[in-house]
Structures are given as C-alpha cells and as structure tokens.
Amino acid sequence: PGHDPEPPTGPPSPGPDPAAGAPVEVVAGVIRDARGRILLARRTQGRDLAGLWEFPGGKHEPEETPAAALRRELREELGIEAEVGDALIRVPQAYPHKRLRLDVYAIRAWKGPLRGLEGQALAWVPVHKLADYPMPPADIPVVAALTQP
Ligand code: C5P
C-alpha cells in the first residue's frame with residue numbers, strides 16, 4: 001500500500017544572478033591614528049578591484065550585526081580590536097556583475113599591532129590627500145563625506 005509521492009516542494013530556485021536580487025552587504029571603517037590620518041588598504045592581486053585603495057572592511061554575514069561584521073573583518077585583515085562608532089554614510093553601488101551596499105562606520109577606538117595580515121599594503125593618509133588614491137567606486141562618496149566642511 002504505497003502512499004502518494006511527496007508533493008513537489010516548489011519551483012526550482014532560479015540560478016544565481018549576481019546582478020539581481022538583494023545587494024551584497026559590505027561594511028567598512030574609517031580608522032584614524034593619533035595624528036588624524038585615515039587608514040586605506042590596497043586590494044591585493046587576484047581579487048576584484050585589485051590595486052585600488054579602500055576603507056578596510058568586507059562582507060557582512062547574514063547572522064551578524066553590522067558592527068560585529070566590521071569588528072571581525074578588522075580583526076582578520078588588520079589584527080586590531082575595534083570599537084565601532086557612528087554610521088557615517090551608506091553607498092548603494094551597482095557594478096555590471098553585482099550590486100552592493102557599503103555601510104561605513106567611524107571607528108571610535110582600536111588597539112593592537114595594526115598590520116596588513118593578508119599581504120595588503122596600508123597607508124595612513126591625511127584627509128586632504130584621500131582623493132589622490134584610486135578607489136573602488138563605492139568608496140569615493142565616502143571621501144566626499146569626510147572632506148565636507
Ligand atoms: O573585501 P571583499 O571582497 O569581501 O568585499 C566585498 C565587495 O565589497 C567587493 O566587491 C569589494 O569591491 C567591495 N568593497 C568596496 N569598498 C570597500 C570594501 C569592499 O567596494 N571599502
């Protein structure tokens with residue numbers, strides 16, 4: 001006495017289309033040193049946007065708060081323990097192959113021997129020199145926000 005086969009569970013899920021659907025959520029931090037210079041990190045070869053200078057950060061995992069995601073990224077990439085402060089700017093960015101949303105936070109305090117743990121070059125940059133560094137498109141409005149009077 002067989003029973004009915006399981007009903008189908010729904011339409012097959014659509015193939016991943018990185019340019020559609022929810023944007024990739026990315027968090028980044030504005031880290032300052034004692035002289036007020038701001039930290040930029042250079043994206044390493046082999047990644048998208050290689051060679052460009054960015055505010056350090058990365059992808060936000062779904063189960064994390066933005067602050068927790070940023071603390072984790074800064075620990076992994078720079079070896080620091082960071083205290084995440086105010087949200088500074090949100091930048092929606094569409095690339096041909098994907099969409100992302102960059103949320104940028106001030107880093108209120110940090111400690112630890114800051115260094116590029118992933119082989120990335122780092123630069124401490126005075127605010128008025130930030131515009132000299134080629135950046136991913138999403139990071140450019142951040143410079144504008146930091147240099148507004
Ligand atoms: O660093 P990661 O590759 O995880 O970053 C995910 C995406 O967010 C990448 O496409 C990267 O270009 C982008 N990103 C950005 N600006 C940042 C950090 C990441 O545009 N400051």
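For the numbers below, each heavy atom of this structure counts, side chains included, while hydrogens, waters and symmetry mates do not. Atoms within a ligand are numbered from 1 in the order they appear, just like the ligands themselves.
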task: Would you mind checking if K59 and E25 are paired as a salt bridge, meaning a charged N to carboxylate O distance below 4.0 Å?
output: no

Which N/O atoms of ligand 1 sit under 3.5 Å from a protein N/O, and at what distances?
residue, atom, partner, partner atom, Å
ligand 1, 1 (O), R43, NH1, 3.2
ligand 1, 1 (O), R47, NH2, 2.9
ligand 1, 3 (O), R43, NH2, 3.1
ligand 1, 3 (O), R47, NH2, 3.4
ligand 1, 10 (O), D48, OD2, 2.9
ligand 1, 10 (O), K98, NZ, 2.8
ligand 1, 16 (N), D139, OD1, 2.6
ligand 1, 21 (N), F55, O, 2.8
ligand 1, 21 (N), D139, OD2, 2.8

- request: Just grab all the salt bridge (Lys or Arg N to Asp or Glu O under 4.0 Å) pairs involving residues 31-52, residues at least two apart or on different chains.
  value: D33-R37, R43-D48, R43-E54, D48-K98

query: To which residues is I31 joined in a hydrophobic cluster, defined by side-chain heavy-atom contacts under 4.5 Å among Ile, Leu, Val, Met, Phe, Trp and Tyr, whether direct or through other members?
result: V27, L39, L70, L74, L78, I80, V84, Y105, I107, W110, L114, L122, W124

Name every donor-acceptor pair, under 3.5 Å, that has one atom in a side chain of residues 141-149 and the other anywhere in the protein, sequence neighbours excluded.
residue, atom, partner, partner atom, Å
T147, OG1, V143, O, 2.8
T147, OG1, A144, O, 3.3

message: Under 4.0 Å between a side-chain nitrogen and a carboxylate oxygen: does that hold for E81 and R71?
response: no

message: Rounded to the nearest 0.5 Å, what separates atom CD in Q45 from atom CD in Q120?
response: 13.0 Å

